[in-house]
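Read through the structure below, which is laid out as structure tokens, and then see the notes.
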Protein chains: 2
Amino acid sequence: MSNNFTGKKKLTSGPIPVYYQLQKELKKYIEDGVWVPGEPIPSSRNIAETYDVSMGTVQKAVANLEKEKYIYCVQGKGTFVGTTAINKESIRYTLLREDFEGNDLQFKIKLIDIDKVDGFQPANRFLEIAKSEALYRIKRVFVSGSGPVVYAISYLPCSMFEGFEEKATKRLSRTTMYEAIEMEYGLPTVKNKELFSIALADEETAKVLQIQKGSPVLFVEMLSSTYKEQPYEYRLGYWQTEKRKLYRELI
Amino acid sequence: MSNNFTGKKKLTSGPIPVYYQLQKELKKYIEDGVWVPGEPIPSSRNIAETYDVSMGTVQKAVANLEKEKYIYCVQGKGTFVGTTAINKESIRYTLLREDFEGNDLQFKIKLIDIDKVDGFQPANRFLEIAKSEALYRIKRVFVSGSGPVVYAISYLPCSMFEGFEEKATKRLSRTTMYEAIEMEYGLPTVKNKELFSIALADEETAKVLQIQKGSPVLFVEMLSSTYKEQPYEYRLGYWQTEKRKLYRELI
DNA sequence: GCTCATTTGTTCGTATGTATC
DNA sequence: TGATACATACGAACAAATGAG
């Protein structure tokens, strides 16, 4: 449950709405990791008494945070910190389709290897860490039906993910990167930025995707962030789009 | 302003929340085009009296519709039907960047030509119209800085856009397709579906993009929809990604 | 620049409904 | 069954922005 959430707390009585101040206070507990994904936050009544505001005001702050996907409410049970898996259907990186009709195609993820490498540009710049900081490099291939579709190389700052090899290796062959990171480090994914372009397959990519060296492939660079716009993963994706295409929806 | 919004209207008193019923009623006025983009809807007090509910209930229905981008509220002024331009920064099709850093790059749109063509598959299937229905075909090129970046071919159902040539030709050289369609036909864009893959430039594409015939290009198929998931534009985009890439954010 | 009617925004207090355990 | 939790709804008061006079 919760912790050190006792005693009266005060909000200022200036021009900023009370519900908004409260909303920011609650958000801070989540972003600072005091309240962690999947766990309940204090009850509405508890919050109302603690901050000496009406239930309606708490309700408004809570409703807003729910819309922002920071939390989710279950009537009669409680209010819980949001998780990527539950909230963000839209944020999934890999969505395969043949066409606009029909559903997403299933795929399996195979882990190729994980190792530590020296930091490099532009990765370290995008990840907002020093040039010299080391990175975990995770190579994976996404297989759908007949063959390989995506070759993905992810880079994570070693400093943010201590012991990643041991903790995540088992998970990564059964689950996505998001889930692994959220489970092991409590960091939900909040935002993904993507850049789409064309690349020519180098020897390694060609081998993994079972295509000719030098064939054109769809090249997707991705930068994933967690709370406070903190980037944590830089990923290079090489897509073989002969049979399956990358699908996105904008709403 | 509004119209035929007088007299008492009733909501059922069943298990469905009043605010939700009201929300759907208001949405219907918008989807049916009774209230059009940019115009004000009746005042909250007016709505509260008309449906015989409290202001709080109206506020909740209105707030939800605002989050859904159906409307936007201006304190002291009124509540207005949403427009694509104002609401949907995220839905813009063409976002150019060199990198994750920096801002979106500017570009100009040049209209190549507009004509009427016979319907064809898969376009007519995606647009949910009969095989035989004719289409408007709009060819445009997007130019950024040094040269052409995107060659876009759009298909619109002639039946939905009577007189498109006359109405839109002037607009299309200065504005986006969204704006042109919203201005002339009152249809805001609500959703975009996209499929990313690789294509090889045919003679026409190569000429427009000033590249070699047969060069690989980023191929983006897009299907835009308005209210009620009604598709209205099928677009093929050929991207030359040497210097500028296609940028997307998922939140 | 000021006042005033209109409109949306905020907050409280209270009561009742409904899901969970 | 009862205690707890969130959800809905009302009414009232005041705040803040807008635009007209």
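- Separating the CG atom of Leu11(B) from the P atom of dT8(D) is a distance of 15 Å, rounded to the nearest angstrom.
- Residues that satisfy the side-chain contact (heavy atoms from CB on, under 4.5 Å) test with Lys28(B), not counting sequence neighbours, are Asp32(B).
- The aromatic rings of Phe164(A) and Tyr185(A) lie parallel to each other, with less than 30° between the two planes, well short of the 60° mark.
- Taking Gln75(B) as the reference, nothing meets the side chain to side chain donor-acceptor pair (under 3.5 Å) condition, with sequence neighbours excluded.
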Would you check, one step at a time, whether the test side chain to side chain contact (heavy atoms under 4.5 Å, CB included) holds for Leu22(A) with Ile47(A)?
CA-CA 9 Å; Leu22(A) 179 57; Ile47(A) 295 172; 4.0 Å; yes

Check nucleotides 19-21 of chain D against the protein and report each pair of N or O atoms closer than 3.5 Å, with its distance, or say if there are none.
| residue | atom | partner | partner atom | Å |
| --- | --- | --- | --- | --- |
| dG19(D) | OP1 | Lys77(B) | NZ | 3.2 |

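- Residues that satisfy the side-chain contact (heavy atoms from CB on, under 4.5 Å) test with Lys24(A), not counting sequence neighbours, are Tyr20(A).
- The two residues Ile109(B) and Leu172(B) come nearest to each other via the heavy atoms CG2-O, 4.0 Å.
- Minimum atom distance to the side chain of Gln75(B) is reached by dA16(D), of the listed dC6(D), dA16(D), dT8(D).
- At a threshold of 4.0 angstrom between heavy atoms, the contacts of Gly78(B) are confined to the sugar-phosphate backbone, with no base atom among them.
- Extent of DNA chain C lying under 4.0 Å from chain B heavy atoms, first and last nucleotide in 5' to 3' order, is dT6(C) to dG9(C).
- Salt-bridge annotation for Lys191(B) and Glu229(B): present, with a side-chain N of the basic residue lying under 4.0 Å from a carboxylate O of the acidic one.
- Among residue pairs with one or both ends in residues 43-60 of chain B, none qualify as salt bridge (charged side-chain N to carboxylate O under 4.0 Å, His left out); sequence neighbours excluded.
- Partners of Glu25(A) according to the side-chain contact (heavy atoms from CB on, under 4.5 Å) rule, which considers only residues two or more places apart in sequence or in another chain, are Leu11(A), Tyr51(A).
- With DNA chain C read from its 5' end, the first of the two nearest nucleotides for Arg45(B) and Tyr19(A) is the one closest to Arg45(B).
- Among residues two or more places apart in sequence or in another chain, the ring pair (Phe, Tyr, Trp, His ring centres under 6.0 Å) test is passed with Tyr19(B) by none.
- Under 4.0 angstrom from either OP1 or OP2 of dC10(D) there lies at least one side-chain N or O belonging to Thr57(B).
- dA16(D) atom P lies 12 Å from atom CD1 of Ile16(A), rounded to whole Å.
- Note on the helix from dC2(C)-dG21(D) to dC21(C)-dG2(D): terminal axis deviation equals 10°, with five pairs used at each end and the result rounded to 10°.
- Ion pairing of Arg171(B) with Glu179(B) is absent here, as no side-chain N (NZ or NE/NH1/NH2) approaches a carboxylate O to less than 4.0 Å.
- Contact between the side-chain N/O atoms of Gln59(A) and the OP1/OP2 oxygens of dA7(D) is found at a separation under 4.0 Å.
- Within the 4.0 angstrom heavy-atom criterion, no nucleotide atom of any strand lies near Val62(A).
- Shown here are the side-chain contact (heavy atoms from CB on, under 4.5 Å) partners of Glu166(B), two or more places apart in sequence or in another chain: there are none.
- Salt-bridge formation is detected for the pair Glu194(B)/Arg248(B): a Lys NZ or Arg NE/NH1/NH2 atom is positioned less than 4.0 Å from an Asp or Glu carboxylate oxygen.
- If you measure from atom NZ of Lys60(A) to atom C1' of dA7(D), you get 16 Å, rounded to the nearest angstrom.
- In this structure Tyr232(B) satisfies the ring pair (Phe, Tyr, Trp, His ring centres under 6.0 Å) test with no other residue, sequence neighbours excluded.
- For residues 47-55 of chain B, proximity to DNA chain D is found at Val53(B), Ser54(B), defined as any non-hydrogen atom under 4.0 angstrom from a strand atom.
- The CD atom of Gln23(B) sits 15 Å away from the C1' atom of dA9(D) (whole-angstrom rounding).
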